Structures are given as C-alpha cells and as structure tokens.
Amino acid sequence: MARKPAPKDATAFTPPPSPQREIRRAQVDINFDNQSLLGPLFGQFDANLVQVENRLGVFIAARGNELHIEGPEDSVARARDVLKAMYDKLAIGQDLDQGAIEALIAMSDEPTLDGIVDAEPKGPPIMIRTRRKTIVPRSAMQAVYMRSLVRDDIIFALGPAGTGKTYLAVAQAVSQLINGSVQRLILSRPAVEAGEKLGFLPGDMKEKVDPYLRPLYDALYDCMPPEQVERRLASGEIEIAPIAFMRGRTLADAFVILDEAQNTTREQMKMFLTRFGQNSRMVICGDPRQVDIPGGDGMSGLADAVGKLEGVEGFGTIRFTAADVVRHPIVGRIVEAYEGPSA
C-alpha cells in the first residue's frame, strides 16, 4: 500500500547541496518472512513507518510483505538497517514502541548498527536479563556503559536525565541479585537536594525519605514483579536508604547504587566510596550540571571524586550527552537548549 511522503517542515531550511558533492539517491526493497509480525512492525495506521520516514527523510511504501524505500543514499541505508532491527526485535519477542524505534534510529547513525548491539564483532549481544524484561542498549554510549557495569568495580555514570544512567544500573543490580552474583542490592541517594534536612517533613523516617527515593523504587518495579520487590525489601536483600544511613558500614557482597550523586558533599562522597567491600560493585550516577547543594559544583562530591579517581585502576567513567537521551525526542532537545553555549 503506497503512501504519500510526510510533508516537510515549512520552517526548516535545507541548504543547497555543494556542487562538489551531489546528493545521490537510491532505492531498496526489503522482504520479511513472518507476515504475522508485519502489523506490529508497521504500527497502527503505519505509524512506525511514518516515524522512520520523518526522522530519516525517506519514502517507504508497503507492498504485501515487502517494503520499498526511496531517498538519499545514506538515509536509505540507515532506514533499511533500522527496519531490519525493528523486525529482529519483534522476532525475538521484544517490545517495539516509539522510544525503541527512536533509539534504533539514533544508533543507525553509528558506523555499524551491529557494532553497537554486539559486545564485539560476531560476539554475543549486550543485554541485561531481569524477571520482567530483557534490556538492550538504546545508544552507543549505553552499550559502553553496560560493558562497564560487568567489568569495573566502581563506575561513575555522568550525564543529563533520560540517558538511562540509574535505570540500567538498577537493572544490572537486579540481574546479579537474581543469579546470585551478589547477596544484597543497596540503593541510595541524598534525601533532600540542599542537604538532608528532614525534620520539617511529616511522618516517620521512611515516610520522610520515600518521596526522594521514588525513582529507585520505580526502576525496581520495572525489573521485578512487585511481590518479589516487597519480599526482598522485607528480608533486607534490597535496601533503599538515604546516604546518611551508609555511615559506619562495610558493604560486602553487594551491588550499591548512589543516585543524584552531584548533590553529595565531598565528605559524604568519601564516606560512601570507603564503604566498598569484598565482592561488591558500586555505581555512582549524577549530572554534574544539576548541582543543588549550597556552594554549587565547587562543593559537589561527585565532581571532586571524578577529578581524583578517573583513570585509577578499577574505576570506570561514562559520560552521557544530550544525544544519548532515550526518552521522548523532545527531552533531548530540551537538554540541548539548556546546555547550549548560551546556557
């Protein structure tokens, strides 16, 4: 079923091609064997195909179990790779939503899509298996991060919201807890952005700090059935607590995650890092540009720790940018707007 190309943005300005480099156009056909996957592949009212068309500037026509793609040569090649990757995800039972398609489109801009998804050429795919889902990287930097999560003892994950820093760390922690690699999962963050002053809040300590730890709960429930999360919380296998509760402890046989680490002081960060114990892994997540503690980034324990420890054996540092945002595409544009030269 042929469709008209989506209208172009009238406000967008496309400079004329350079005389020295003519834009070469191409066309290609792709056949798909399993017709039962064509519905979810195309999307309701061909919405998935329209998304690929609009993002890559190509025209896609569906003819039975065949897709015909036309457009600039480079864009046609990317669209072909994206559509094949979409089909492969469906073939192995993975979900295909707007975010997953956007991630595949973003990754198609890399030298090779397979090189991002595979640990090494022709190697096993990079993935995290949990009880509720199998998670694969949605950007090139996520693939690097996921490798670091299984290799390094302590990982600094730096970058803006929406890049998957905390979510992937929680998923990896859940996976290791399930397979017995660690005995405990400990999730922590500063309880209140400008210091841990909880006395004015109503309720007992748990009621005071739970709202600040909610993102960690959300990631847990996305990776494990709710009844298992509650059971493991009750047994102490999973612990969620503000960073102040870490003082004086040695965290052995544990996967430890510190979220919103840019809002720790230098003293808090030193205290947290020195809790590291045998058979443990620590992931410290934060956005160095979003410091809310008094004194700004000059007082941030995260920036101080990265400056002192980056390059030390056993430490990994992953830096995400707005290009790695895997939420709605508009989130990436918001981050770019706020972090641009004039910000």
Side-chain angles (χ1 to χ4, degrees), residues 28-56 58 60-69 71 75-147 149-150 162-164 167-168 170-172 174-175 219 222-224 320 323-329 331-332:
V28 68
D29 295 325
I30 316 174
N31 288 286
F32 300 102
D33 297 330
N34 191 341
Q35 294 198 14
S36 67
L37 298 179
L38 297 184
L41 176 68
F42 296 176
Q44 187 175 22
F45 304 116
D46 293 342
N48 294 347
L49 302 183
V50 172
Q51 183 178 353
V52 176
E53 283 183 327
N54 290 341
R55 290 284 283 107
L56 296 180
V58 298
I60 303 173
R63 300 167 180 168
N65 66 334
E66 180 180 274
L67 287 179
H68 177 77
I69 311 171
S75 298
V76 167
R78 288 180 63 189
R80 177 199 59 208
D81 289 346
V82 168
L83 289 163
K84 286 183 176 180
M86 290 164 58
Y87 179 83
D88 290 343
K89 283 177 70 70
L90 292 169
I92 62 175
Q94 294 184 8
D95 295 332
L96 188 64
D97 55 20
Q98 185 181 20
I101 297 170
E102 193 66 33
L104 291 172
I105 292 171
M107 289 196 294
S108 72
D109 199 25
E110 297 296 321
T112 62
L113 188 58
D114 290 339
I116 297 169
V117 178
D118 291 344
E120 51 189 39
K122 299 181 181 179
I126 300 173
M127 62 178 61
I128 300 172
R129 296 186 183 276
T130 70
R131 289 284 168 82
R132 300 196 68 173
K133 59 173 60 178
T134 297
I135 299 161
V136 297
R138 289 191 167 191
S139 72
M141 192 54 68
Q142 280 197 357
V144 174
Y145 182 38
M146 290 169 72
R147 294 189 190 102
L149 287 172
V150 297
T163 51
Y167 185 86
L168 290 176
V170 171
Q172 181 65 35
V174 167
S175 178
D222 205 36
C223 295
M224 296 180 73
F320 293 96
D324 300 303
V325 172
V326 294
R327 293 179 185 170
H328 193 285
V331 177

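Just so it is clear, the structure is predicted and the values come from calculations on it, not from any experiment. Any value given below was found using the heavy atoms of this structure, including those in side chains, with hydrogens, waters and symmetry copies removed.
Minimum interatomic distance between A79 and V58 (heavy atoms only, all atoms of both residues): CB-CG2, 4.0 Å. Minimum heavy-atom separation, A143 to P137: N-CB, 3.6 Å. Across all their heavy atoms, P40 and L90 have their closest contact at C-CD1, 3.9 Å. Nearest heavy-atom pair, C223 versus Y167, reported as atom, atom and distance to 0.1 Å: SG-OH, 4.3 Å.
Looking at heavy atoms from C-beta onward, S175 lies in side-chain contact with I128 at the 4.5 angstrom threshold. Inter-residue side-chain proximity for N48 and M86 is flagged as met; some heavy-atom pair is nearer than 4.5 Å. By the 4.5 Å heavy-atom criterion applied to side chains, R78 and I105 are counted as neighbours.
Of the possible polar contacts, one joining the N65 side chain to the F32 backbone as a donor-acceptor pair under 3.5 Å is found. With hydrogens and angles ignored, the 3.5 Å screen pairs a side-chain donor or acceptor of Q51 with a backbone N or O of Q98. In this structure, Y87 contributes its side chain and N34 its backbone to a donor-acceptor pair below 3.5 Å.
Rounding to the nearest 0.5 angstrom, the gap separating the CD1 atom in I60 from the CD atom in E53 is 5.0 Å. Here the CG-CG distance, from L41 to D88, works out to 10.0 Å after rounding to the nearest 0.5 Å. Taken to the nearest 0.5 Å, the CD1 atom of I135 stands 9.5 Å off from the CD atom of Q172. The CG atom of D97 sits 11.0 Å away from atom CD of E102, with the distance rounded to the nearest 0.5 Å. Atom CZ of R55 is separated from atom CG of L104 by 11.5 Å, given to the nearest 0.5 angstrom.
The side chain to side chain contact (heavy atoms under 4.5 Å, CB included) test with I69 is passed by exactly one of V52, D29, L49, L83: L83.
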Next item on the list: Could you go through the side chain to side chain contact (heavy atoms under 4.5 Å, CB included) check for Y145 and L168 one step at a time?
Entry: CA-CA 8 Å; Y145 182 38; L168 290 176; 3.8 Å; yes
